[in-house]
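Data first, discussion second: the structure below is written as structure tokens.
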2 protein chains.
Amino acid sequence: MPPHSEPNPSRRGELDRNEVIDTALQLVEAGGGESLTMRKLAAELGVAPNSIYWHVGGRHEVIIALVERLAERQAEATVTGTNGRERVMSAARHVWAAALTHPHVTTLAYEVGATSLLELPLERALAREITAAGLKGDEARDAMRAILISVGGFLVIALRPPDLVPEPWTSATLWAEVDDPLIDPATIDSLTRQLDLPPLFERTVRAVVDSYIPGP
Amino acid sequence: MPPHSEPNPSRRGELDRNEVIDTALQLVEAGGGESLTMRKLAAELGVAPNSIYWHVGGRHEVIIALVERLAERQAEATVTGTNGRERVMSAARHVWAAALTHPHVTTLAYEVGATSLLELPLERALAREITAAGLKGDEARDAMRAILISVGGFLVIALRPPDLVPEPWTSATLWAEVDDPLIDPATIDSLTRQLDLPPLFERTVRAVVDSYIPGP
DNA sequence: ACCTGAACACCGTTCAAGT
DNA sequence: ACCTGAACACCGTTCAAGT
């Protein structure tokens, strides 16, 4: 089998692994995961589809490589705040913000199960703040996972393409048809309106952070 | 393989929408979303692929219909608990449990953006408890969304096929290689071990519930 | 070592044609 | 009204063959 995992510094032709990965990354950032096909990628590179198999591997390997590349590029954002909870919250916000900056790659990474690979630098930053806040071992691990899972829940909503679901089956339309005497009408009305996600993120993730991270 | 995987060549006409949807649902429950192809479905029904277009429509419409069908079947579980927080927590657990009972359909529903359609009966149960707990309008809506998003975050982890990620890129392996003096070693060690999700769910969702729902 | 043409085994979907 | 054969426009992947 060809040298997928190890770089080959000896000599090369016109096409190299780096170029393939960069182009794949561009394709995904521009048009989302479904626009990354071996054939389109090959066409973009002006090469036959099977050449990619030699340099990188199949589609799955291309995706892993592209996620790895973006992870490297991911600038490690600086955490702010003057106490443990604030700093942990800040690290959590960085995970959220980074994912929103690269929605397509984040979605694709999730689909192939490479989320941790993409987020590792930012997860480390979070782990450092949790350590600094005084948590250790399983306690620290639980705090970390709980916070990341909460952020993940919000990302699921935020990263969903808005036109994915046709009108009659949106949450809003569905709730508009609900007539339940045990549910407050004002609540139903509120459920049919657009949701402002960032403030809800702030309040909810803070609740999770506060419950796991000791106060100042 | 099982008798259901063999096509049925001995049929004349009499294909109806219900049969198509039921078979599609079975296909998904058995083998996940990717095993629902128009051609497999047609073969299962002993019919040409294009017949399905006449009775139901394209793949997307088949999926919506199948999600709708399961939603109808979804028995509305009874909420337990003696105070508001307990009862809201119980309703949240039902959403979680229902999704785990039908992991493939839940995943597929998410992929086509029909999560609300699938969960509507259970979301209504949650809305009733939130109403009963005294919340109204935007406040109730925020509580509802925050709780569902938190549950969703856990579902993302719980529903992910375990063998999706190859060894070298699992979260555990990635963390095993981390050597950071600012992170407690016991924490890193804990991050490389298997996570017990249910207790974390319980504690985290409860924190969210407690922060949105007034105490007794 | 590097790249291609051709092929295989799939997809979803459409459309004219049959009953 | 109901169903099909045939085709179109795609996929990912493999393999023998060329340089």
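These numbers come from the heavy atoms of this one structure, side chains and all, not from hydrogens, waters or symmetry mates. Quick note on labels: first sequence line is chain A, next is B, and so on, each numbered from 1.
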Q. Which one, C:dC2, D:dC3, C:dC11, comes nearest to the side chain of B:W54?
A. D:dC3
Q) For B:M38 and D:dC10, what is the distance between atoms CE and C1' respectively, to the nearest whole Å? A) 16 Å
Q. With distance as the sole test, does A:D184 use its side chain to make a donor-acceptor pair with the main-chain N or O of B:L135 at under 3.5 Å?
A. no
Q. What nucleic acid atoms does A:T37 come within less than 4.0 Å of, heavy atoms only: base, sugar-phosphate, or nothing?
A. sugar-phosphate
Q: Please state whether the phosphate of C:dC3, meaning OP1 or OP2, lies under 4.0 angstrom from any side-chain nitrogen or oxygen of A:H55.
A: yes
**Q.** Exam field: side chain B:S190 to backbone B:A186, donor-acceptor pair closer than 3.5 Å
**A.** no
Q | Nucleotide paired to C:dA1 in any strand shown, Watson-Crick or G-U, under 3.5 Å | A | D:dT19
Q: Test A:F154 against A:L200 for side chain to side chain contact (heavy atoms under 4.5 Å, CB included), laying out the working first.
A: CA-CA 9 Å; A:F154 279 91; A:L200 198 68; 4.1 Å; yes
(Q) Tell me if a side-chain donor or acceptor on B:T131 pairs with a main-chain N or O of B:A127 at a distance below 3.5 Å. (A) yes
Q: Could you tell me the separation between the CG atom of B:L41 and the C1' atom of C:dC10, rounded to a whole number of Å?
A: 16 Å
Q. Starting at CD1 of B:I63 and ending at C1' of C:dG12, how long is that distance when rounded to a whole Å?
A. 12 Å
(Q) Going by purine N1 to pyrimidine N3 plus the second Watson-Crick contact, or the G-U wobble pair, all under 3.5 Å, which nucleotide sits opposite C:dC10? (A) none
Q) Can you check the B:R17 CZ to D:dC3 P distance for me, whole Å? A) 14 Å
Q.
Nearest to the side chain of A:V47, heavy atoms from C-beta on, is which of D:dT4, D:dT13, C:dC3?
A. C:dC3
Q) D:dC3 P sits how many Å from B:D16 CG, rounded? A) 9 Å
Q | Residues A:R145 and B:S171: side-chain donor-acceptor under 3.5 angstrom | A | yes
Q: In whole angstrom, give the distance that lies between atom OH of A:Y53 and atom P of D:dA16.
A: 17 Å
Q: In whole angstrom, give the distance that lies between atom CD of B:E34 and atom C1' of C:dG12.
A: 16 Å
Q: Please state how far atom NZ in B:K40 lies from atom C1' in C:dT13, giving the value in whole angstrom units.
A: 18 Å
Q. Closest to the A:R39 side chain: D:dG12, C:dT4, C:dG12?
A. D:dG12
Q | Inter-nucleotide C1' distance (C:dC10, D:dA9), Å rounded | A | 13 Å
